[in-house]
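Below you'll find the structure, written out as structure tokens, and then a few comments.
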Amino acid sequence: MSMALDERVRSAIAALLHATGESQADLAAALGVSQAQVSRRQSAAATWSLTDCDAVAAHYGIDVMELLAGPTRATESLPVQRRRTTGRTTARTRRTTAVQDRGAR
């Protein structure tokens, strides 16, 4: 059974958020909407419009058709420079890395 289009879009956006290490708040800021609006769309309380899909695709540097195709195609199309290189970087991780770097000198 195939996924409905709205479910494919939500899954693709979730996969892109994960692949880039971005949060819903990061995506919301890029789209000029609130994090709550992104959350409602991702939880299916609201839908992603075609205009939204176009803006999301542009934000991630992929073709909108790749976004509509689902999570696998969307993440495979993600430019290498947009992919996170390691696990999600947090303020704590950055502080720990900085301390380790100072200790290595």
Side-chain angles (χ1 to χ4, degrees):
M1 181 192 308
S2 136
M3 259 191 253
L5 180 59
D6 58 340
E7 188 177 343
R8 259 196 325 260
V9 170
R10 284 193 308 275
S11 294
I13 292 171
L16 289 166
L17 287 168
H18 178 75
T20 60
E22 287 185 343
S23 67
Q24 287 185 354
D26 296 328
L27 179 58
L31 300 178
V33 299
S34 70
Q35 183 275 328
Q37 288 173 299
V38 170
S39 178
R40 282 194 296 276
R41 291 173 180 140
Q42 282 300 97
S43 68
T47 58
W48 289 99
S49 71
L50 290 177
T51 302
D52 294 331
C53 289
D54 196 38
V56 168
H59 171 68
Y60 287 113
I62 65 173
D63 187 89
V64 71
M65 295 306 288
E66 304 297 336
L67 177 70
L68 298 176
T72 302
R73 291 270 298 275
T75 54
E76 287 174 350
S77 300
L78 191 63
V80 173
Q81 64 271 21
R82 290 300 314 268
R83 298 174 191 266
R84 65 177 164 178
T85 55
T86 60
R88 185 177 212 137
T89 302
T90 63
R92 181 178 180 174
T93 303
R94 287 189 294 272
R95 282 193 305 273
T96 302
T97 303
V99 168
Q100 291 170 344
D101 288 347
R102 281 192 299 255
R105 292 181 196 169

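Pro79 has its side chain within reach of Ile62: a pair of non-hydrogen atoms, C-beta onward, lies under 4.5 Å apart. Residues Trp48 and Leu68 are not in side-chain contact: their nearest non-hydrogen atoms beyond the backbone lie 4.5 Å or more apart. The shortest side-chain heavy-atom distance between Ile13 and Leu27 falls under the 4.5 Å cut-off.
Under the rule for a salt bridge (charged side-chain N to carboxylate O under 4.0 Å, His left out), the partners of Asp6 that lie at least two apart in sequence or sit in another chain are Arg10. With sequence neighbours excluded, no residue forms a side-chain hydrogen bond (donor to acceptor under 3.5 Å, both in side chains) with Arg8. Taking the side chain to side chain contact (heavy atoms under 4.5 Å, CB included) definition, one finds that Ala58 meets it with nothing, sequence neighbours left out. Qualifying salt bridge (charged side-chain N to carboxylate O under 4.0 Å, His left out) partners for Arg82, counting only residues two or more places apart in sequence or in other chains: Glu22. The side-chain hydrogen bond (donor to acceptor under 3.5 Å, both in side chains) search around Glu7 returns none, not counting sequence neighbours. Residues satisfying the side chain to side chain contact (heavy atoms under 4.5 Å, CB included) criterion with Ala69, sequence neighbours excluded, are Arg73. With sequence neighbours excluded, the residues that form a side-chain hydrogen bond (donor to acceptor under 3.5 Å, both in side chains) with Ser77 are Glu66. Considering only residues two or more places apart in sequence or on other chains, Ala46 meets the side chain to side chain contact (heavy atoms under 4.5 Å, CB included) condition with Arg40, Arg41. In terms of the side chain to side chain contact (heavy atoms under 4.5 Å, CB included) criterion, residue partners of Ser39 (sequence neighbours excluded) are, by chain and number, Gln24, Gln35. Listed by chain and residue number, Ser34 satisfy the side-chain hydrogen bond (donor to acceptor under 3.5 Å, both in side chains) test with Gln37 (two or more places apart in sequence, or in another chain).
Across all non-hydrogen atoms, the minimal contact from Ala74 to Leu16 is O-CD2, 3.7 Å. For the residue pair Gln42 and Ala14, the shortest heavy atom distance occurs at NE2-N, 3.5 Å. In terms of heavy-atom proximity, Ala12 sits nearest to Leu67 at CB-O, 3.5 Å. Closest approach of Tyr60 to Leu78, counting heavy atoms only: O-CD1, 3.6 Å.
A donor atom on one side chain and an acceptor atom on the other are found under 3.5 Å apart for Ser23 and Asp26.
Side-chain heavy atoms closer than 4.5 Å link hydrophobic residues (I, L, V, M, F, W, Y) into clusters, and following such links, even through other members, never connects Leu50 to Val56.
How far CG of Asp52 is from OG1 of Thr47: 8.0 Å, rounded to the nearest 0.5 Å.
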